[in-house]
Amino acid sequence: MAEQIAAPVQHPVRRSMAVFERAQQVIPGATQLISRRPTRAALGISPIYAERAKGCRIWDIDGNEYVDWMSAVGPIILGYADDVVDSAVKEQIAKGSIYSIVHETAVELAEELVRLIPSAEMVRYAKGGGEACTIAVRIARGVTNRDKVLFSGYHGWHDWYLAANLGGERLDTHLLPGIEPIGVPSVLEGTIIPFRYGDLDMLEDLLKRHDGDVACIIMEPMRTELPPEGYLEGVRELATRYGVVLIFDEVSSGFRIALGGVQEYTGITPDLSVFAKAISNGYPMAAVVGKREVMERVSRMFISSAYWDDNIGVVAALTTLKELQRRNAVAHFEKVGSSFSERINRVAREVGLDAKCVGVAAHPGIRFNVEGAETAKKVSTLFIQENARRGLILSTGFFFNCAHDDAALDRTEAVVRESFAVVKDGLENDRLDGLLECEMQENSFRRMVR
């Protein structure tokens, strides 16, 4: 039987706020991931510090329970504290987390990735998505003996990427607006050039203008919405024609829409691909995979780290991939996502709010149809605030995991009905400011790829 909607959260987040005050004294930005910064949610209402998590639920240090739709901002794909993955990790810990030599599972994981991912013929490991993107770009530059990079989407924090803001604010539509490239060498200016997602003419113009200098095209192939018809095919053709390496950054898209990523779903195969986040259900792990003629040259490049093939990340990833197949996870995401979207859209209609779920079932997003960036920001913050006070961690973007079930959907539907009603009241009666009990949410990532 599905659980009933819980009463609004009874306990304020006083302990979270107290720890947050401590954190600001010793941790610049308070957290290590920008997306986890408390100012990105409803500060003072949303939980900040967790005590534990299981399945699709989080309990904060103030004793509040939440249904969580963020899944740790993507890495949790089976569910928090998954028994199967955690048991495999504990078993490996008892045997040693890392050795002076390599464990056979490192080869087994590479073989599994080659079997699942269309572009994978050889594999290198890393620990995070941004790091893996940097490795992929290094490989492309080494293979082509060229320096320039064309990109569309978000690809991490490293110098090669943030150099796009040297001499301009060109990451505004791809990342957070107004980021200063502090610490990025000025000599990198002009080495990284953005292009608009969906605009083949712009991409071809850049390739013509920099013909012979471009090492690679790196892009997020999609996020919530399907690529325009013929677009990825066109990118693939241009990359081949101009002799540049095509890299798909599937750090966020990998494994939910298809086990082989967007490339399997769309049938468009890049030269290199980057996977991280959901690959290991919350344990640090990433992989750069690609065609043999590109990847085999890596053996002659200095790309090396002591922790990239540690036993814990490798075992967690191998177990996660096997469990995704055993649990038929892609079908689960399709089912949960379809139900989620239907429920949200129905509630919006019944409440009378101009909002809807958009995008593919396995990875949709919520869109509010309001006028003006400032109003949109207030609406998003109010939505997060009202969800949090009712025991729900839900923003306009989210990630499904295998633990999301009918009980979570029922509870979410009831909470969103109430939150939508508050948002509608704020819009219709021009009192969004009065309903907000927190500072407005800091700017979220502006995704060129939707």
Chemist: According to the ring pair (Phe, Tyr, Trp, His ring centres under 6.0 Å) rule, which pairs have a member within residues 269-292, sequence neighbours left out?
Modeler: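 Sorted pair list: F255-F275.
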Chemist: Residues in side chain to side chain donor-acceptor pair (under 3.5 Å) with R138, at least two apart?
Modeler: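 Per chain and number, R138 pairs via side chain to side chain donor-acceptor pair (under 3.5 Å) with no residue.
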Chemist: Kindly state each residue pair satisfying salt bridge (Lys or Arg N to Asp or Glu O under 4.0 Å) with at least one member in residues 12-26, sequence neighbours excluded.
Modeler: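 For residues 12-26: none.
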Chemist: Going by the rule side chain to side chain donor-acceptor pair (under 3.5 Å), which residues pair with T144 if we only count those two or more places apart in sequence or in a different chain?
Modeler: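 For T144, no residue satisfies side chain to side chain donor-acceptor pair (under 3.5 Å) once neighbours in sequence are set aside.
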Chemist: Give me each pair satisfying salt bridge (Lys or Arg N to Asp or Glu O under 4.0 Å) with a member in residues 93-116, each pair once, sequence neighbours excluded.
Modeler: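 Listed once each, the pairs are E91-K95, E112-R115.
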Chemist: Any side-chain donor-acceptor pair under 3.5 Å between Q263 and T269?
Modeler: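 Q263 vs T269: no donor-acceptor pair found between side chains.
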Chemist: Considering only residues two or more places apart or on different chains, which pairs with a residue in residues 325-344 satisfy ring pair (Phe, Tyr, Trp, His ring centres under 6.0 Å)?
Modeler: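 Output for this query lists W69-F340, F340-F398, F340-F400.
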Chemist: Once salt bridge (Lys or Arg N to Asp or Glu O under 4.0 Å) is applied, do any residues pair with R292, and if so which ones, sequence neighbours excluded?
Modeler: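 Not a single residue meets the salt bridge (Lys or Arg N to Asp or Glu O under 4.0 Å) criterion with R292.
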Chemist: Once salt bridge (Lys or Arg N to Asp or Glu O under 4.0 Å) is applied, what residue pairs with a partner in residues 293-314 remain, sequence neighbours excluded?
Modeler: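 Qualifying pairs: K127-D310.
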Chemist: In terms of ring plane angle, is the pair H363 and F399 parallel, tilted or perpendicular, where the classes change at 30° and 60°?
Modeler: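 It falls in the tilted class, 30° to 60°.
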Chemist: Determine which pairs satisfy salt bridge (Lys or Arg N to Asp or Glu O under 4.0 Å) with at least one residue from residues 252-274, sequence neighbours left out, and list them in order.
Modeler: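 Residue pairs with at least one partner in residues 252-274: R236-D271, D271-K291.
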Chemist: Partners of E334 by side chain to side chain donor-acceptor pair (under 3.5 Å), sequence neighbours excluded?
Modeler: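 With neighbours one apart ignored, the set is empty.
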Chemist: Run the salt bridge (Lys or Arg N to Asp or Glu O under 4.0 Å) test against R326 and tell me which residues pass, sequence neighbours left out.
Modeler: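 Residues passing salt bridge (Lys or Arg N to Asp or Glu O under 4.0 Å) with R326: E323.
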Chemist: Restricting to side chain to side chain donor-acceptor pair (under 3.5 Å), what partner residues turn up for E131, sequence neighbours left out?
Modeler: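 So E131 forms a side chain to side chain donor-acceptor pair (under 3.5 Å) with W308.
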